[in-house]
*Asks:* 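Sharing a structure with you now.
Excluded from the calculations below are hydrogen atoms, water molecules and symmetry mates; all remaining heavy atoms, backbone and side chain alike, are included.
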Amino acid sequence: MSRTISSTVHPIQRCMAASNPSAWWDGLIIEVDGSTATVTLLNGTTVQLRIVGPAVDIAVGEPVAYHPVAELLSASAIITTARAA
């Protein structure tokens with residue numbers, strides 16, 4: 001599946017994610033409130049993220065991947081900036 005990269009993603013974020021592929025964490029969306037999403041990672045940790053940039057059409061129960069080092073969220077075929085809230 002091809003991913004669209006949001007205009008909010010800085011080139012250094014892409015480099016960090018590419019050079020640290022094992023830092024991606026898989027999870028599920030458990031709550032969405034405007035530009036804030038709560039994700040339960042598969043390791044049991046819950047993280048609240050503030051999504052920066054264009055609205056990502058995500059829904060509760062949707063699988064996502066979060067890269068905490070690069071501050072990226074991959075969801076709904078888009079990669080966008082997401083910072084811990």
Side-chain angles (χ1 to χ4, degrees):
M1 176 194 311
S2 177
R3 298 256 181 226
T4 301
I5 298 176
S6 166
S7 62
T8 64
V9 176
H10 195 276
I12 194 72
Q13 288 175 285
R14 285 188 271 171
C15 289
M16 289 172 61
S19 65
N20 296 294
S22 63
W24 284 100
W25 287 90
D26 293 326
L28 296 171
I29 299 291
I30 60 169
E31 184 180 353
V32 178
D33 183 16
S35 64
T36 302
T38 305
V39 179
T40 295
L41 302 174
L42 296 185
N43 68 359
T45 305
T46 300
V47 63
Q48 191 172 40
L49 302 173
R50 185 172 53 89
I51 300 170
V52 180
V56 177
D57 226 5
I58 55 176
V60 171
E62 184 169 348
V64 295
Y66 173 57
H67 197 294
V69 177
E71 296 185 322
L72 294 175
L73 181 70
S74 177
S76 297
I78 190 167
I79 297 175
T80 192
T81 301
R83 297 192 171 105

*Asks:* Determine whether more than 12 heavy atoms belonging to other residues, nucleotides or ligands lie under 6.0 Å from atom CG of N43.
*Replies:*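 Enclosed.
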*Asks:* Kindly give the heavy-atom pair with the smallest separation between T8 and V52, and that separation in Å.
*Replies:*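 Scanning both residues completely, I find the closest heavy atoms to be OG1-O, 3.3 Å.
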*Asks:* How close do E71 and Q13 get, counting heavy atoms only, and between which atoms?
*Replies:*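 Scanning both residues completely, I find the closest heavy atoms to be O-NE2, 3.4 Å.
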*Asks:* Give the minimum heavy-atom separation between A23 and P68, together with the two atoms involved.
*Replies:*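 The pair with the smallest heavy-atom distance is O-CD, 3.4 Å.
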*Asks:* What is the minimum heavy-atom distance between V9 and R14, and which atoms define it?
*Replies:* CG1-CG, 3.7 Å
*Asks:* Out of curiosity, T81 OG1 to L72 CG, how far, rounded to the nearest 0.5 Å?
*Replies:*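 With rounding to 0.5 Å, OG1 (T81) is 6.0 Å from CG (L72).
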*Asks:* Under the side-chain hydrogen bond (donor to acceptor under 3.5 Å, both in side chains) test, which residues partner S22, sequence neighbours left out?
*Replies:*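 Result, side-chain hydrogen bond (donor to acceptor under 3.5 Å, both in side chains) vs S22: none returned.
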*Asks:* Looking at Q48 and T38, would you say the former's side chain and the latter's main chain have a donor-acceptor pair under 3.5 Å?
*Replies:*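 No: the side chain of Q48 does not pair with the backbone of T38.
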*Asks:* About how many Å separate OG1 of T46 and CD1 of I30, when rounded to the nearest 0.5 Å?
*Replies:*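 Going from the CD1 atom of I30 to the OG1 atom of T46 covers 5.0 Å.
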*Asks:* Which distance, rounded to the nearest 0.5 Å, do you find between the CD1 of I79 and the OG of S74?
*Replies:*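 Reported to 0.5 Å precision, the distance equals 4.5 Å.
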*Asks:* Tell me every residue that passes side-chain contact (heavy atoms from CB on, under 4.5 Å) with L28, counting only those two or more places apart in sequence or in another chain.
*Replies:* P63
*Asks:* Apply the side-chain contact (heavy atoms from CB on, under 4.5 Å) test between I58 and each candidate in V39, I29, I78; give the one that qualifies.
*Replies:*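 Of V39, I29, I78, side-chain contact (heavy atoms from CB on, under 4.5 Å) with I58 is met by I29 alone.
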*Asks:* Please round to the nearest 0.5 Å and tell me the distance separating atom CG of L41 and atom CG of D26.
*Replies:* 8.5 Å
*Asks:* Ignoring hydrogens, what is the shortest heavy-atom contact between A70 and A17? Give both atom names and the distance.
*Replies:*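 So the minimum-distance heavy-atom pair works out to CB-N, 4.0 Å.
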*Asks:* Closest approach of P21 and A18, non-hydrogen atoms and distance?
*Replies:* CD-O, 3.5 Å
*Asks:* Report yes or no: do M16 and W25 belong to one cluster of Ile/Leu/Val/Met/Phe/Trp/Tyr joined by side chain heavy-atom distances under 4.5 Å?
*Replies:*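 No, no single cluster joins them.
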*Asks:* Can you get from I12 to V69 by hopping between Ile, Leu, Val, Met, Phe, Trp and Tyr side chains that sit under 4.5 Å apart?
*Replies:*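 Yes, I12 and V69 fall within the same hydrophobic cluster.
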*Asks:* Hydrophobic cluster membership, with links at side-chain heavy-atom distances under 4.5 Å among I/L/V/M/F/W/Y: are W24 and I5 in one?
*Replies:* yes
*Asks:* Could you note down all residue pairs passing side-chain hydrogen bond (donor to acceptor under 3.5 Å, both in side chains) where residues 59-69 supplies at least one of them, sequence neighbours left out?
*Replies:*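 Of all non-adjacent pairs touching residues 59-69, those that pass side-chain hydrogen bond (donor to acceptor under 3.5 Å, both in side chains) are E62-S76.
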